[in-house]
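Accompanying notes for the structure given below.
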Amino acid sequence: MTLAQTQKAVDNWIKKYGVRYFSELTNMAILTEEVGEVARIISRKYGEQSFKKKEADQDLGEELADVLFVLICLANQTGTDLTKAFAKNLEKKTQRDKRRHKGNEKLKKGK
């Protein structure tokens, strides 16, 4: 599924099941909440914290998809074409960082 197709699928879902988009401010708060859920899983799975019993079965992929869904809602609401925005962003990063990371000794050491 392309980014454009994903944006359309989210818009169709909102129109069919969601009644309407939440306000941009509400979606920003929801996005922050969802990113927090991703952070909780990452800190427990890859960091030094341990899972609580009720958290052990949380799915990182599902939480990342929640972040993506709300991010796409915000893009749709604000008229942002994510395909164009991502291509522009990747070009910016390429121009800025094309040599930067290859010369970083810290990255050569691995984790």
Side-chain angles (χ1 to χ4, degrees):
M1 189 180 281
T2 67
L3 283 172
Q5 290 168 330
T6 305
Q7 282 190 256
K8 185 65 177 160
V10 167
D11 192 58
N12 288 341
W13 188 93
I14 293 292
K15 289 173 181 170
K16 185 172 182 178
Y17 302 107
V19 180
R20 65 170 177 80
Y21 286 93
F22 294 130
S23 73
E24 294 85 351
L25 288 174
T26 298
N27 272 336
M28 187 62 228
I30 293 169
L31 179 61
T32 302
E33 199 177 314
E34 296 297 349
V35 168
E37 292 175 16
V38 168
R40 182 179 296 111
I41 293 172
I42 295 287
S43 71
R44 283 158 175 73
K45 186 169 183 175
Y46 301 102
E48 296 167 345
Q49 286 189 310
S50 59
F51 282 102
K52 296 174 187 171
K53 287 183 182 180
K54 65 178 184 167
E55 298 174 332
D57 62 345
Q58 289 183 324
D59 181 358
L60 179 59
E62 185 177 320
E63 297 304 330
L64 288 168
D66 285 343
V67 169
L68 183 60
F69 184 89
V70 179
L71 183 70
I72 290 170
C73 285
L74 283 166
N76 287 350
Q77 289 175 274
T78 59
T80 302
D81 179 331
L82 286 174
T83 300
K84 289 180 183 175
F86 188 78
K88 183 178 177 182
N89 186 268
L90 196 56
E91 179 61 29
K92 175 187 78 173
K93 286 178 180 2
T94 300
Q95 292 302 314
R96 183 188 66 204
D97 299 330
K98 60 185 163 192
R99 292 182 189 88
R100 177 175 162 221
H101 298 303
K102 289 184 179 188
N104 184 343
E105 292 299 320
K106 294 177 187 177
L107 293 175
K108 293 179 184 177
K109 295 176 187 176
K111 284 188 173 185

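Counting begins at 1 with the first residue of the sequence.
Hydrophobic clustering of Ile, Leu, Val, Met, Phe, Trp and Tyr side chains at less than 4.5 Å, counting indirect connections, unites Leu90 with Ile72. Using a 4.5 Å cut-off between side-chain heavy atoms of Ile, Leu, Val, Met, Phe, Trp and Tyr, with links allowed through other members, Tyr17 and Phe69 fall into the same hydrophobic cluster.
Within 6.0 Å of CZ in Phe51 there are more than 12 heavy atoms belonging to other residues, nucleotides or ligands. No more than 12 heavy atoms of other residues, nucleotides or ligands shown are found within 6.0 angstrom of CZ on Arg20.
Side-chain atoms of Gln7 come within 3.5 Å of backbone atoms of Thr80 as a donor-acceptor pair (strictly under, hydrogens ignored).
Once rounded to the nearest 0.5 Å, the distance linking CG of Asn76 with CD1 of Ile14 reads 8.5 Å. Between the CG atom of Asp66 and the CG atom of Leu71 there is a distance of 12.5 Å, given to the nearest 0.5 Å. A distance of 9.5 Å separates CD1 in Ile41 from CZ in Arg44, rounded to the nearest 0.5 Å. Rounded to the nearest 0.5 angstrom, Leu60 CG and Tyr46 OH are separated by 6.0 Å. The structure places NZ of Lys15 at 7.0 Å from OH of Tyr21, a figure rounded to the nearest 0.5 Å. The distance from the NZ atom of Lys102 to the CG atom of Leu107 is 12.0 Å, given to the nearest 0.5 Å.
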*Determine, step by step, whether Glu91 and Lys88 satisfy the salt bridge (charged side-chain N to carboxylate O under 4.0 Å, His left out) criterion, reporting the C-alpha distance in whole Å, the side-chain angles of both residues, the deciding distance to 0.1 Å, and the verdict.*
CA-CA 5 Å; Glu91 179 61 29; Lys88 183 178 177 182; over 6 Å; no
Would Thr83 and Thr2 count as a side chain to side chain contact (heavy atoms under 4.5 Å, CB included) here? Give the steps. CA-CA 8 Å; Thr83 300; Thr2 67; 5.7 Å; no
#### Entry: Pair Lys92-Gln95, side chain to side chain contact (heavy atoms under 4.5 Å, CB included): steps then yes or no
CA-CA 5 Å; Lys92 175 187 78 173; Gln95 292 302 314; over 6 Å; no
Between Glu24 and Met28, does the side chain to side chain contact (heavy atoms under 4.5 Å, CB included) criterion hold? Intermediate values first, please. CA-CA 6 Å; Glu24 294 85 351; Met28 187 62 228; over 6 Å; no
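Between Leu74 and Leu31, the shortest heavy-atom contact is CD1-CD2, 3.9 Å.
The pair Arg40-Glu37 does not count as a salt bridge, with every side-chain nitrogen at least 4.0 angstrom from each carboxylate oxygen.
Partners of Thr26 under the side chain to side chain contact (heavy atoms under 4.5 Å, CB included) rule, at least two apart in sequence or in another chain, are Phe22, Ser23, Ile30.
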